[in-house]
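Worksheet: one structure, shown below.
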Amino acid sequence: MIHAEELTRRFGDRTAVDALTLDAREGEILGLLGPNGAGKTTTVRMLACLLAPTSGRASVAGHDIREAAPQVRGSVGILTESPGFYKRLTLERNLRFFAELYGVPAPREAVQRYLKRLGLWERRAEAVATLSKGLRQRLALARALVHEPKVLFLDEPTSGLDPESARDVRQFIGELASERRTVLLCTHNLAEAEELCARIAVLRTRLLALDRPDELKRRMSGSRVAIGLRNPRSEFATALGLPFVRTAELVHDGLSVEVADPERDVPALVRRLVELGAEIRSVARDERTLEDVYLELVGGDDGAA
Amino acid sequence: MGRLRVLVAKEWEELRKIKMVLYGALFLPLLMGGLAGFMVWQGQGLPPEAQAALFNTALMYFLILPVMIPVTLAVYSIVGEKEQGTLEPLLATPLTDWEIFVGKALVAVLPAIGLTWAVFGLFLAAAHIILDGIPPGVLTLPWLLSIFVLSPLLAVFGVLVSMLISSRTSDPRAAYQFSGLAVVPTLIPLIVYSVQLTAVNFLLVILEGGILVLLDGLFLYLAVKLFRREEILTRWK
């Protein structure tokens, strides 16, 4: 549904997005993570045909972004970072304006459907200026959906919202995937990305990683094993003397040991620790959080941006 | 055409909600029309030649109007989008760059021309009553060309200047002030007529019309260059 190949955008001497290759399938929520200035918004703008790429190619909803920009725009819904509305006009009028611009066959019915779905129907006749930020965000979602796009670009959809509004918006985004819509979700909220996204792309001008959240964590965790001890002592780490142990360090309640192959090596490791007098409380794969993974990826690529 | 109509209808609806912009646009025609009427009223009892001279001066009010009316409307239609953060959602729709530009321009040009002609009609009616008829030598071809050709050219000029300036500033006050410069070209014939160097004549009308066509063409070229999605997203303040 979204396919980008070597997509690049430069502004003068500065490269905002460098040779980005990614794809998103129908019904998939793909997270786009990255620090400020990483190129997330530029990527969305290129894919939504608001900016032309300097080089590379991409197609969205089956349309080439260079050759069929009007068709691309008609097939995508976009929620910008700060969703602007005509504040003096009513909620209903704002949505009807966009529905009509997108050529929705029955704009009034479409507006009614989405205002009801997002719990805004009762306030349809009020000016947008009277809405709270959370309600505006819901209205922005309604606007992004009113023409029934197959692809959605959501830029920081829960940014600045209170926890309850953020939860409602997240719940709604989750429903979109079940409607077979493809969502490209730009966010700084790692928990949100982990909860909603089938896959996550970490971007810092260039693509640093693209995978499922669990796979990213597993890959970055490598073959590290966390051993919980009742009697944690630094000698256990230094006296292991096993050929497959790459590194071992004392952490606050046990050891973190990197081995060659956890499946094969953990039994021997446990035996050796027992021999050394360790009282083992637990043994588990030392899984990183998505935040660890993200920080490691982004931190390890300082020179890229 | 459908999308253009949708855009213009929305712009109108929005402008109608902003009383300052609406009253500002309506106040000027009433003021200028009133001044022109007052000038003619002073001509009661004067010989027809003197009345015609007053008409010549009064005409200039109707050449200032089409430039001044659209400034407020054009400035708001651009600065308003910036202030409300609606440019990006608007650019994400299937509207073409040209449709956005024409839609924004029409919202300011059409009322300017319509109001100018309407106030001119009222002025003629009032003059007819005050002076018991229109003096001979007034509603000549240069006069009619001034009202029906120069006015639209001036309105387009005012709108283009205002749109160009508004695209470069997010401060409406600065935009209004700089856009006021658009009135300058209309002041030249005003000075010529008001000091009675010459009456409204064909040569002057053609000369001013020619200059306006050139200026409109130049500003249209610049405005079209400015109304590109990339330009709007990356360069507009």
Side-chain angles (χ1 to χ4, degrees), chain A residues 9-12 14 16 41-42 44-54 63 68-90 93-104 107 127-129 136 139-140 143-144 146-147 149 152-153 155, chain B residues 1-23 72-73 76-104 106-107 170 172 225 227-237:
Chain A
R9 173 68 203 209
R10 293 190 196 92
F11 294 100
R14 188 175 70 82
T41 300
T42 303
V44 165
R45 284 176 170 180
M46 282 193 285
L47 293 173
C49 292
L50 293 171
L51 288 178
T54 308
H63 305 292
Q71 288 85 344
V72 172
R73 285 192 208 110
S75 311
V76 305
I78 187 164
L79 186 147
T80 51
E81 195 174 347
S82 16
F85 286 98
Y86 302 105
K87 291 173 192 163
R88 293 171 188 86
L89 301 183
T90 65
R93 184 66 184 94
N94 265 280
L95 277 199
R96 188 156 53 81
F97 170 60
F98 284 95
E100 286 172 351
L101 283 184
Y102 280 106
V104 173
V128 170
R136 271 186 214 195
L139 186 62
R143 176 173 61 192
V146 75
H147 57 294
L152 279 155
F153 298 119
D155 199 352
Chain B
M1 197 61 187
R3 289 192 299 255
L4 192 58
R5 185 187 53 77
V6 169
L7 178 62
V8 171
K10 188 279 297 174
E11 295 278 329
W12 260 116
E13 202 168 327
E14 209 187 358
L15 286 172
R16 282 208 311 271
K17 303 252 180 202
I18 310 166
K19 303 293 181 228
M20 286 296 284
V21 174
L22 189 66
Y23 294 155
T72 320
L73 304 175
Y76 181 78
S77 80
I78 304 291
V79 176
E81 295 275 2
K82 291 182 187 182
E83 280 178 338
Q84 298 179 108
T86 43
L87 271 174
E88 195 165 350
L90 188 69
L91 296 173
T93 67
L95 273 171
T96 63
D97 299 356
W98 180 248
E99 283 170 333
I100 296 173
F101 167 70
V102 172
K104 297 273 175 195
L106 280 181
V107 169
S170 53
K225 276 186 76 170
F227 266 78
R228 291 181 185 155
R229 276 177 164 75
E230 289 232 12
E231 190 76 19
I232 294 171
L233 271 178
T234 57
R235 299 271 175 87
W236 284 26
K237 288 177 185 170

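In the text below, chain A, chain B and the rest are named by the order of the sequence lines, each starting its count at 1.
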Interface moiety of [X] toward chain B, non-hydrogen atoms closer than 4.5 Å:
{"X": "A:I78", "value": "side chain"}
{"X": "A:A127", "value": "neither"}
{"X": "A:F11", "value": "side chain"}

Q. Using non-hydrogen atoms only, which part of B:L87 is less than 4.5 Å away from chain A: side chain, backbone, both, or neither?
A. neither

(Q) Restricting to salt bridge (Lys or Arg N to Asp or Glu O under 4.0 Å), what partner residues turn up for A:R9, sequence neighbours left out? (A) B:E230

**Q.** Partners meeting salt bridge (Lys or Arg N to Asp or Glu O under 4.0 Å) with A:R45 (sequence neighbours left out)
**A.** B:E88

Q: Check B:R3 against B:T96 and note the closest heavy-atom contact, atom names and distance.
A: NH2-CG2, 4.1 Å

(Q) I want to check something: taking the side chain as every heavy atom from C-beta on, are B:E231 and B:D97 in contact at a cut-off of under 4.5 Å? (A) no

